[in-house]
Every structure is written in C-alpha cells, then in structure tokens.
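Letters A, B, ... are given to chains in the order of the sequence lines, protein chains preceding strands, and every chain is numbered from 1. Computed from a prediction, not measured in an experiment: that's the story for all the values here.
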Number of protein chains: 2
Amino acid sequence: MKRNTWQREAVRGALDANDGFVSAQALHSALHATGSPIGLATVYRALADLATTGDADSLQSPEGESLYRACSTNEHHHHLICRNCGLTIEIEPHAVEQWANDVAVANGFTQAEHIVDVFGLCAACSALTAASTL
Amino acid sequence: MKRNTWQREAVRGALDANDGFVSAQALHSALHATGSPIGLATVYRALADLATTGDADSLQSPEGESLYRACSTNEHHHHLICRNCGLTIEIEPHAVEQWANDVAVANGFTQAEHIVDVFGLCAACSALTAASTL
DNA sequence: AGCCTTGCTGATAATGATTGTCAAAACCAT
DNA sequence: ATGGTTTTGACAATCATTATCAGCAAGGCT
C-alpha cells in the first residue's frame, strides 16, 4: 500500500512552490534551507514516484540533469522553457502530436513517443540580454 | 592549430560504421575490440569536437547518456529512433521548425532552440514484439 | 632531415548525479 | 498499543563524464 508521509508531501509542496523545472538536488537544498531534514535519497524516490504517477513532469536539461516540475494538467503536453530564468510555459500539443505520429507511421514505426521541448529566452530575459549586449 | 591524428580518424570512422546513435563508452569499447589502443578520454574529446563542428549529431538517451551519430547532412534536422534496434531515420524538419518558432514567438521568447526526437519501434521490431506478445 | 613549439594523448584521479543497501523509524489497520 | 510492512536516511557504490598532467607526436621552420 502507498503510505502518506510528510516527506512526500514536502516534496510535492516544494515542487508546487516552484514555477519552473528543478533538479532533485536543488529541491533537496531548498527543503533543507527551510529547515526540513529530509534525506536526498528520499527526494529522489519521491520525485520518481510523482513522475510515475503523472503528478510531475520530468525532462533532461541540456547538461544531462533530470529536472522535475508540477504541471497543471495530467495530460500529455510539452514545454517552452526560458533557459535563463527557468520560466516555463505549457504548450498546446495538437500540432506536434499529429506531426510526430504521422512521421512515425509514415516510416513504419509503432508505439511512438516523443521528446519535444523548446528552450529560449523569455521576453523579460531577452530584454536584459539585449541591454547587456549593447 | 587543429592537428590530424589517427585517433580522431578512428573515432570518425567508427561513427560512420554505425547506423544508429552510439554512446561514447560503446564507441570506445568497439574501437578496443578492433585492437585500437585509443584512450577513453580521447574518444570523449573527439566526439565533443565532432559535435561542435557539426560533423556529428548528439542527443541524450532517455536514460541520460549522451549518444552520437554521424549524419548525412550538416543541416539542422531531427531523428526517428527505434528504441529496440537503434535504427535511426533523419526527419524532414520543416513542419516542426515552423511550429517551434511560432510557439516561441507567440509567447515572447527569442533565441528559440528545440529538442525534438521521436522514439518508437521500427517495422521490424514491431513485428517481433507483436509475435512475442501473443 | 632535424629541431622546436605546441597541441594531443592517455592513465588515472576527481567530480557529480543518481541508485542500492539495510537497520531503524514511521504508518496504518486492528 | 501492537504488529506487519513500508519508508526513510546515512552512506557506500555505480556510472558517465571531465580534469590533470607528464610524455608524445604533428607540422612548420631552417
């Protein structure tokens, strides 16, 4: 049976409190910063569970770290992520879903899944960068 | 200055000899298997170089490993990868490129890049799986 | 051809994220 | 409260990758 522990709640809460994607390590640090004595391994386990049950989305940063995020919907979707400030926007999937499927089918592939994420600079960070580049 | 060493050629050759995406470790093993005494660090360096110069494409496997592949074109494109046998097909990018850009612009993002890869089972592996599931 | 500068190599150590281990503690139904 | 089982957490282990650094070699130069 699945038990309810304050640790699990703490991880879920910390995820919710965060707008963008966070690494397990960062989450662990954040929790410790608030005085929680939660263990690192436990954070990893909780995140893995959340990702499995669909309560959290996970993706890999370009540097290879696994990042997690509490998303507003359990449905399949994708993300537009600011590589500077971490701001994350959930993307309407229809167009790509269709495309990914078409491509797969056209080549005889089945059980297609896809990794689709867009990284960029959000409006605010774009402005900052432009200013500092002058 | 950039020098020409047999090690670099060996790595490039080993990449060319391979159809799908390969990890640095696998490539190193493959080279050793053929009797080459090339060092692991050198394989990593050579792959990083090839990826930088655009002579090789790199992506991260769902498990977090960095995989490399010698691609037929230097232009930006994506991949359809069989998660069972590793067969890789290069994908016509137009549709997604357009979409990714539109999404980014629509949300005020600039300097958009995207990670787009489709994993599935190729026709052959689909048949195998279907057979073993019966 | 021989020298010389400087980039390249490779054995190994270091790093850093993640996972495995296992005894002790916590959870929940009874 | 008790028992049975899950979960936790400190720590070791693992695994891919990167840094280190002394020795080697590529290519230009004479």
Side-chain angles (χ1 to χ4, degrees), chain A residues 1-15 18 20-53 55-69 81 83 86 115 117, chain B residues 1-15 18 20-53 55-69 81 83 86 115 117:
Chain A
M1 182 216 318
K2 210 74 171 180
R3 291 183 186 172
N4 266 355
T5 62
W6 63 267
Q7 286 96 335
R8 222 176 279 272
E9 296 305 319
V11 170
R12 188 191 298 260
L15 256 198
N18 217 304
F21 279 88
V22 211
S23 70
Q25 308 268 351
L27 213 53
H28 178 238
S29 297
L31 283 165
H32 262 202
T34 69
S36 171
I38 192 172
L40 178 56
T42 304
V43 174
Y44 273 100
R45 278 184 291 242
L47 286 174
D49 282 355
L50 290 173
T52 301
T53 60
D55 289 325
D57 277 10
S58 70
L59 63 80
Q60 306 218 346
S61 76
E63 293 80 35
E65 242 181 327
S66 284
L67 305 181
Y68 299 86
R69 179 170 191 266
I81 305 154
R83 76 168 74 90
I115 295 177
D117 288 295
Chain B
M1 180 215 324
K2 211 76 172 179
R3 292 182 185 173
N4 266 354
T5 61
W6 63 265
Q7 286 96 334
R8 220 177 279 273
E9 295 307 318
V11 170
R12 186 190 298 260
L15 257 198
N18 217 304
F21 278 86
V22 211
S23 70
Q25 307 267 351
L27 213 52
H28 178 236
S29 296
L31 282 165
H32 263 201
T34 68
S36 170
I38 192 170
L40 177 57
T42 304
V43 174
Y44 273 100
R45 278 186 290 243
L47 285 175
D49 282 355
L50 289 173
T52 300
T53 60
D55 288 326
D57 277 9
S58 70
L59 64 80
Q60 305 215 349
S61 77
E63 292 81 34
E65 243 182 326
S66 283
L67 304 181
Y68 299 86
R69 178 169 192 264
I81 304 154
R83 78 169 71 91
I115 295 177
D117 289 294

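In this structure, A:Glu9 and A:Asn4 have side chains that are in contact, with non-hydrogen atoms separated by less than 4.5 Å. With contacts defined as side-chain heavy-atom distances shorter than 4.5 Å, the pair A:Phe21/A:Gln60 does not qualify. When side chains are defined from C-beta on, B:Leu67 does not count as touching B:Ile81, because their heavy atoms never get closer than 4.5 Å.
Side-chain proximity of B:Glu65 to D:dA16, C:dT9, C:dT18: nearest is D:dA16.
Counting all heavy atoms, side chain and backbone alike, B:Val11 lies closest to B:Val43 at CG2-CA, 4.3 Å. Of all heavy-atom pairs spanning A:Glu65 and A:Ser23, the tightest one is OE2-CB, 3.4 Å. Looking at every heavy atom in both residues, B:Ser36 comes nearest to B:Trp6 through OG-CZ3, 3.7 Å.
Listed by residue number, the members of residues 24-38 of chain B with any heavy atom below 4.0 angstrom from DNA chain C are B:Pro37, B:Ile38.
Under the rule for a salt bridge (charged side-chain N to carboxylate O under 4.0 Å, His left out), the partners of B:Asp55 that lie at least two apart in sequence or sit in another chain are B:Arg12. Residues satisfying the salt bridge (charged side-chain N to carboxylate O under 4.0 Å, His left out) criterion with A:Arg8, sequence neighbours excluded, are A:Asp49. In this structure B:Ser61 satisfies the side-chain hydrogen bond (donor to acceptor under 3.5 Å, both in side chains) test together with B:Glu63, sequence neighbours excluded.
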Apply side chain to side chain contact (heavy atoms under 4.5 Å, CB included) to residues A:Leu40 and A:Gln25 and explain how you reach the verdict. CA-CA 7 Å; A:Leu40 178 56; A:Gln25 308 268 351; 4.2 Å; yes
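The backbone N or O of A:Thr42 sits nowhere less than 3.5 Å from a side-chain atom of A:His28 that would complete a donor-acceptor pair.
Taking the C1' atoms of five terminal pairs at each end of the helix from C:dA1-D:dT30 to C:dT30-D:dA1, the two resulting helix axes are inclined by 30°, rounded to 10°.
Residue contacts shown for A:Ser66 are limited to sugar-phosphate atoms, with no base heavy atom under 4.0 Å away.
As a whole-Å value, the separation of A:Gln60 CD from D:dT17 C1' is 14 Å. In this structure, CG of B:Leu67 is placed 14 Å from C1' of D:dT17, rounded to the nearest angstrom. Between the CG atom of B:Leu47 and the P atom of C:dT9 there is a distance of 12 Å, rounded to whole Å.
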What is the per-nucleotide protein-contact pattern of nucleotides 18-30 of chain D, from the 5' end, where B denotes a base atom under 4.0 Å from a protein heavy atom, S denotes such proximity for sugar-phosphate atoms only, and - denotes neither? BBB----BBS---
